[in-house]
Amino acid sequence: MKKVLIAIVPLLLFLNSCEKKNPKSKSKNNPSITKTDYTQYVNPFIGTSKMGHTFPGATAPFGMVQLSPQTNFEVMFDQAGNYNSKTYEYCGGYQYRDSIIIGFSHTNFSGTGHADLGDFLVMPTTGALILDPIQTSSGKKGFYSKFSHNKEAASPGYYKVQLEDYNILAELTASERVGFHQYTFPKSDSSHIILDMVYNVYHHDDKNVWTFIRVENDSLITGYRQTKGWARTKKVFFAMQFSKPFKHYGHKKYDSKGYNGFYGRFNESENFPEIAGKDIRVYFDFETQEQEKINIKFALSAVSTAGALKNLKAEIPHWDFAATAAATQEKWNQELSKIEIKSIDKADKTTFYSALYHTMLSPILYEDVDGQYRGLDQNIHQSKAFTNYSIFSLWDTYRALHPLFNITQPKRNNDMIKSMLAHHDESVHHMLPIWSHYANENWCMIGYHATSVIADAMAKKVGDFDPKRALNAAVNTANVRYFDGLGDYIDYQYVPDDKSHSSVSKTLELAYNDWCIAQIAQRTNDNKTKAEFIKRSEYYQQVYDPSIGYMRPKLSNGNFRKDFDPMDTHGQGFIEGNAWNYGLYVPHQLDKMIDMMGGKSAFSAHLDSLFTMELDDKFIEKHEDITRDGIIGNYVHGNEPGHHIPYLYNWTGDAHKTQQRVRMIMNTMYGPAVDGLCGNDDAGQMSAWYIFSSLGFYPVTPGSDLYAIGSPLVKEATLRLENGKTFKISTKNQSKENVYVHQILLNGEKLEGTFLTHDAITHGGELIFEMSARPANN
């Protein structure tokens, strides 16, 4: 991956200094103890320019509000109705390479590839009122503003930028449910704040279903918007409060004219307090003095405007912007301090804490302060004995993010599982979430990986959710025959390629999911269900062709498909991968897979070839989610299906090759600058891989209590666990060159083999890696 040699954007705080370095504070429990500020090591701009960027704006850990700049206005379809692939690059609403900002929206995804959200765009302006973001109907400049990265800064919970076209300093912070804006205006008798209810990330002509706004008084606005996108029935309510009364307001509708009843007797466009329609932009006018600050508190709710007002009053009842930003920074510091590291160099420390930061941008809190939330059935529910969460990108995050939560966020992961079980209960399909957000199932990707999250938590003794309820939900999910080839999978014991796309990938992922259900059944003493799903978990064998040594698409007549190229990633039975890499996905029966593929020696040689061969451009040119930045040979780290592959040498007796490959990937696929990711962060999965690998181990098989040993990048790490214990990781002879593990000591005793148990971590103690420049078995 190309590393751009630029200075890391300063992580500037607003607390009376733009150059404050290494700020320290005193511990509340012991004023004599100086506490490290871990937020200083986070660069929120880390992302990837060629794929979906993460958002750099202001949010609390796992916060419902992600208040962030939007740098382009792309449409999902062109005029002919064709998909516009450029929108893939804007899934987070922001691209570092851009030079204009069109406003600040309150909901965003973090590098998910496909996109939605971007709700409630706010933009301050001065001068003649303009209500179109990019270009007016007459061809003139829209309300966007140029900006420079030299006058832009971000740190956890805070963002600021100078809007050059208007000489306005924009500053943002947030609590969990409330976005807090601070705009410093020049002297003007024509200052405006625009509320753009047309804008969406991934916009199309029918995206906005309805918008309703009430001007409650001269400084309070409430309303909601319903959209039809990736989430096809998404409602978000809001309460918007200004620190200063506006002198005038109005709006413009972009709907095609239609029935308007007796509202035609009013001039609705100006100073009319009830606004409704499909596509609407509202403006509020002010007179401002030089350097005058206008603040906005913008609360969200999925339930009602009354819920949004409750959230606003509960979380930010004051107008102290600095206090809110400081409180949110401290929340981030508490979360980041759960893993304290010493690194080989400062760049690695920035990469590590930025990755840890990314792991806490989602899933998001999805309920009001009183525990009410909108369910999948679109009814309002009351959470009981759990906090409800949303945004479950499970095809990505089951691999490493949720396993990481079982170490760093077990209470939250328990609540996330209870949220998944609530999703099942509210689902008319009686299914656990596949890829869900904002009270909607969007059905993206394959498999039913909530089963993996549940099995992993149970294997690691995390949570107090009802295991029998979890098993029932998992079994129900695994038997919805009309879901994405599942009925054929049950009938044929594989997914036939002539009946479903991505047939091999689906077969492999479903087989693993079924193994996870068997593990849940085992822990609930349901031997009948365990036996049924253990059998299903071996269906992967049906799509292995021993005559060529690859997983291969099989037709419903029992024959393998003839026109097949194991190098190609397009139309070959796989999704986001090919037979060379995705064909190695049998994490629950790795020993059997290796024997099936020729034994340890042959499999190790296959892995060697995977990392060293050349993948021609023609094999990836049709895939916007696979780029050269994320590829080593034919190993694709930029996509999740291969994340376990570097660790597979541990099953062949060549653990030193895992150690070398893992360190090489960390050093070339990740970095501290704006191009520091080799692919979409995919809601934190890409970053979670780096966290685990930096610590020296990885969960190759979620649902098991074992971690495969790699090669730690840190010099030291202290994991502060929720049970009050600490687990320390130390290295001897650590350096950039010493990538091989000579010996491992666990609590003073030599660790045999290449695996670490979860209990060894949660019981506390110390793991010591003795590093060397030469493999231990050489």
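Numbering starts at 1 and runs along the sequence shown.
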K.L.:
If we only count heavy atoms from C-beta on, is the V209 to T227 side-chain gap below 4.5 Å?
P.N.:
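No, side chains not in contact.
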K.L.:
Kindly give the heavy-atom pair with the smallest separation between K278 and D255, and that separation in Å.
P.N.:
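Closest pair (atom of K278, atom of D255, distance): N-OD2, 2.6 Å.
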K.L.:
Which atom names give the shortest non-hydrogen contact between A450 and P433, and what distance separates them?
P.N.:
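For A450 versus P433, the nearest heavy atoms are CB-O, 3.9 Å.
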K.L.:
Tell me yes or no: between the side chains of N267 and S269, is some donor less than 3.5 Å from an acceptor?
P.N.:
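There is such a pair between these side chains.
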K.L.:
Using modelled atom types only, decide if a donor and an acceptor are shared between the side chain of N167 and the backbone of P186 within a distance under 3.5 Å.
P.N.:
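Answer holds: no.
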K.L.:
Do H248 and N271 come close enough that some side-chain heavy atom pair is under 4.5 Å?
P.N.:
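Touching, per the 4.5 Å side-chain cut-off.
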K.L.:
As a test of understanding, state which of N208, D119, I213, D279 forms a side-chain contact (heavy atoms from CB on, under 4.5 Å) with M197.
P.N.:
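So the option named by the test is I213.
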K.L.:
For the side chain of Q378 and the backbone of A439, is there at least one donor-acceptor N/O pair under 3.5 Å apart?
P.N.:
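Yes; judged by distance alone, with no hydrogens or angles, the pair exists.
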K.L.:
Between the side chains of E426 and H423, does any donor sit under 3.5 Å from an acceptor?
P.N.:
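Not at all, the side chains of E426 and H423 share no donor-acceptor pair under 3.5 Å.
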K.L.:
Do D132 and Y254 have side-chain N/O donor and acceptor atoms under 3.5 Å apart?
P.N.:
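Distance-only check passes for D132 and Y254.
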K.L.:
State whether the side chain of T107 and the backbone N or O of G118 hold a donor-acceptor pair below 3.5 Å, judged by distance alone.
P.N.:
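It does hold such a pair.
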K.L.:
Given 3.5 Å as the limit, does a donor-acceptor pair link the side chain of N311 with the main chain of G307, or not?
P.N.:
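Flag set: sc N311 to bb G307 pair under 3.5 Å.
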K.L.:
Identify the residue among W230, W435, W443 that makes a ring-ring contact (aromatic ring centres under 6.0 Å, His included) with H114.
P.N.:
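Among the candidates, only W230 passes.
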K.L.:
Between D377 and H381, is any side-chain donor less than 3.5 angstrom from a side-chain acceptor?
P.N.:
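Judged by distance alone, the side chains do pair up.
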K.L.:
Roughly how far apart are Q289 CD and K187 NZ, rounded to 0.5 Å?
P.N.:
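It comes to 4.0 Å.
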K.L.:
Between T222 and T305, do the side chains contain an N or O donor and an N or O acceptor separated by less than 3.5 Å?
P.N.:
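The criterion, which ignores hydrogens and geometry beyond distance, is not satisfied for T305 and T222.
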K.L.:
Under 30°, 30 to 60°, or over 60°: which ring-plane class applies to Y96 and H149, parallel, tilted or perpendicular?
P.N.:
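Parallel.
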K.L.:
Report, as yes or no, whether the 6.0 Å neighbourhood of atom NZ on K151 holds more than 12 heavy atoms from other residues, nucleotides or ligands.
P.N.:
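For K151, atom NZ is not crowded (no more than 12 foreign heavy atoms under 6.0 Å).
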K.L.:
Please confirm whether the ring centroid of H181 lies under 6.0 Å from the ring centroid of Y183.
P.N.:
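Yes - the distance between ring centres of H181 and Y183 falls below the 6.0 Å cut-off.
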K.L.:
Over 60° means perpendicular and under 30° means parallel, so tell me whether F284 and F246 are parallel, tilted or perpendicular.
P.N.:
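F284 vs F246 ring planes: tilted.
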K.L.:
Have Y263 and E274 got a donor and an acceptor in their side chains that come within less than 3.5 Å?
P.N.:
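Result is yes, a qualifying pair exists.
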K.L.:
Is the ring pair Y224/F237 parallel, tilted or perpendicular, if the boundaries are 30 and 60 degrees?
P.N.:
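The rings of Y224 and F237 sit tilted, inter-plane angle from 30° to 60°.
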K.L.:
Could you go step by step and tell me if D116 and K207 meet the salt bridge (Lys or Arg N to Asp or Glu O under 4.0 Å) rule?
P.N.:
CA-CA 10 Å; D116 202 344; K207 182 71 176 280; 3.2 Å; yes
K.L.:
Report the relative orientation of the aromatic rings in F62 and F405; use parallel for angles under 30°, tilted for 30 to 60°, perpendicular for over 60°.
P.N.:
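Rings of F62 and F405: perpendicular, as their planes differ by over 60°.
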K.L.:
Quick check: do D98 and Y90 have side-chain heavy atoms less than 4.5 Å from each other?
P.N.:
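SC-SC contact between D98 and Y90 confirmed.
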K.L.:
Starting at CD1 of I391, measure out to OG of S362 and round the result to the nearest 0.5 Å.
P.N.:
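That separation rounds to 5.5 Å.
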K.L.:
Could you please spell out the steps behind the ring-ring contact (aromatic ring centres under 6.0 Å, His included) verdict for H192 and Y283?
P.N.:
CA-CA 6 Å; H192 319 285; Y283 63 90; 7.1 Å; no
K.L.:
Looking at K411, I want to see if its NZ is surrounded by more than 12 non-hydrogen atoms of other residues, nucleotides or ligands under 6.0 Å.
P.N.:
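Not more than 12 within 6.0 Å, no.
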K.L.:
What's the spacing between I434 CD1 and S427 OG if we round to 0.5 Å?
P.N.:
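I434 CD1 to S427 OG: 9.0 Å, rounded to 0.5 Å.
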K.L.:
With distance as the sole test, does E164 use its side chain to make a donor-acceptor pair with the main-chain N or O of Q162 at under 3.5 Å?
P.N.:
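Answer holds: no.
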K.L.:
Under 4.0 Å between a side-chain nitrogen and a carboxylate oxygen: does that hold for D368 and R177?
P.N.:
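No, this pair does not count.
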K.L.:
Going by an N to O cut-off under 4.0 Å, is there a salt bridge joining K247 and E287?
P.N.:
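Looking at E287 together with K247, the answer is yes, because their closest N to O distance falls below 4.0 Å.
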K.L.:
Measure the SG-CG distance between C444 and D396 for me, rounded to the nearest 0.5 Å.
P.N.:
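If we round to the nearest 0.5 Å, C444:SG and D396:CG are 8.0 Å apart.
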K.L.:
N260 and E268: side chain to side chain donor-acceptor pair (under 3.5 Å), yes or no, with the steps?
P.N.:
CA-CA 11 Å; N260 198 32; E268 294 184 75; 2.9 Å; yes
K.L.:
Please work out whether the ring planes of Y38 and Y353 are parallel, tilted or perpendicular, with thresholds of 30° and 60°.
P.N.:
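Taking Y353 first and then Y38, their aromatic rings sit tilted (interplane angle of 30° to 60°).
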K.L.:
Do Q409 and E335 have a side chain donor and acceptor closer than 3.5 Å?
P.N.:
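Short answer, yes.
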K.L.:
Could you give me the CA-CA distance, side-chain angles and deciding distance for F286 and F242, then say whether ring-ring contact (aromatic ring centres under 6.0 Å, His included) is met?
P.N.:
CA-CA 11 Å; F286 300 85; F242 294 93; 5.6 Å; yes
K.L.:
Determine, step by step, whether F238 and H106 satisfy the ring-ring contact (aromatic ring centres under 6.0 Å, His included) criterion, reporting the C-alpha distance in whole Å, the side-chain angles of both residues, the deciding distance to 0.1 Å, and the verdict.
P.N.:
CA-CA 10 Å; F238 74 90; H106 292 77; 8.7 Å; no
K.L.:
Side chain of K234, backbone of H437: donor and acceptor closer than 3.5 Å?
P.N.:
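No, the answer is negative, given that no donor and acceptor are paired below the 3.5 Å cut-off.
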K.L.:
Do side-chain atoms of Q66 reach the backbone of M64 as a donor and acceptor pair under 3.5 angstrom?
P.N.:
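Here the side-chain-to-backbone pair exists.
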K.L.:
Looking just at side-chain N and O atoms, do Y373 and Q382 make a donor-acceptor pair shorter than 3.5 Å?
P.N.:
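Y373 vs Q382: no donor-acceptor pair found between side chains.
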K.L.:
Regarding S436 and E441, is there a side-chain donor-to-acceptor distance under 3.5 Å anywhere?
P.N.:
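There is no such pair (donor and acceptor under 3.5 Å, judged by atom type) between the side chains of S436 and E441.
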K.L.:
Strictly by modelled atom types, are N440 and R374 linked by a side-chain donor-acceptor pair under 3.5 Å?
P.N.:
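There is no such pair (donor and acceptor under 3.5 Å, judged by atom type) between the side chains of N440 and R374.
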K.L.:
Working to the nearest 0.5 angstrom, can you tell me the gap between F321 CZ and E171 CD?
P.N.:
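That separation rounds to 5.0 Å.
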K.L.:
Can a side-chain donor-acceptor contact be found between H402 and N413 if the only test is distance below 3.5 angstrom?
P.N.:
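There is such a pair between these side chains.
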K.L.:
Taking all non-hydrogen atoms of both residues into account, name the closest pair between G463 and N414 and its distance.
P.N.:
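Between these two residues, the closest heavy atoms are CA-OD1, 3.1 Å.
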K.L.:
Without hydrogens or angle criteria, can the side chains of S687 and D681 be said to hold a donor-acceptor pair below 3.5 Å?
P.N.:
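There is such a pair (donor and acceptor under 3.5 Å, judged by atom type) between the side chains of S687 and D681.
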K.L.:
Can you tell me if Q95 uses its side chain to pair, donor with acceptor, with the backbone of E89 under 3.5 Å?
P.N.:
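Yes; at least one donor-acceptor contact below 3.5 Å.
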K.L.:
If we ignore angles and hydrogens, is there a donor and acceptor under 3.5 Å between the side chains of T397 and Q685?
P.N.:
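Result is no, nothing qualifies.
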K.L.:
Counting only N and O atoms by type, is there a donor-acceptor contact under 3.5 Å from the side chain of S105 to the main-chain atoms of F120?
P.N.:
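Looks like no, no N/O pair under 3.5 Å.
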K.L.:
I102 versus I134: any side-chain heavy-atom pair under 4.5 Å?
P.N.:
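Touching, per the 4.5 Å side-chain cut-off.
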K.L.:
CZ/F143 to CE/M123 distance, rounded to the nearest 0.5 angstrom?
P.N.:
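Rounded to the nearest 0.5 Å, the CZ-CE separation comes to 7.0 Å.
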K.L.:
If you measure only the distance, is there a donor-acceptor pair under 3.5 Å linking the side chains of Y389 and R412?
P.N.:
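Short answer, yes.
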K.L.:
Tell me if a side-chain donor or acceptor on T359 pairs with a main-chain N or O of A688 at a distance below 3.5 Å.
P.N.:
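Between the backbone of A688 and the side chain of T359 there is no qualifying donor-acceptor contact (under 3.5 Å).
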K.L.:
Assess, by modelled atom type and distance only, whether the side chains of Q291 and T184 contain a donor and an acceptor separated by less than 3.5 Å.
P.N.:
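Note: Q291 and T184 side chains miss the donor-acceptor criterion.
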K.L.:
Provide the closest heavy-atom pair for T112 versus A683 in the form atom of the first, atom of the second, distance.
P.N.:
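The pair with the smallest heavy-atom distance is CG2-N, 4.2 Å.
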K.L.:
Could you walk me through whether K244 and E292 pass the salt bridge (Lys or Arg N to Asp or Glu O under 4.0 Å) check?
P.N.:
CA-CA 11 Å; K244 174 182 179 176; E292 181 177 357; 2.9 Å; yes
K.L.:
Over 60° means perpendicular and under 30° means parallel, so tell me whether W319 and F180 are parallel, tilted or perpendicular.
P.N.:
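Aromatic pair W319/F180 classed perpendicular.
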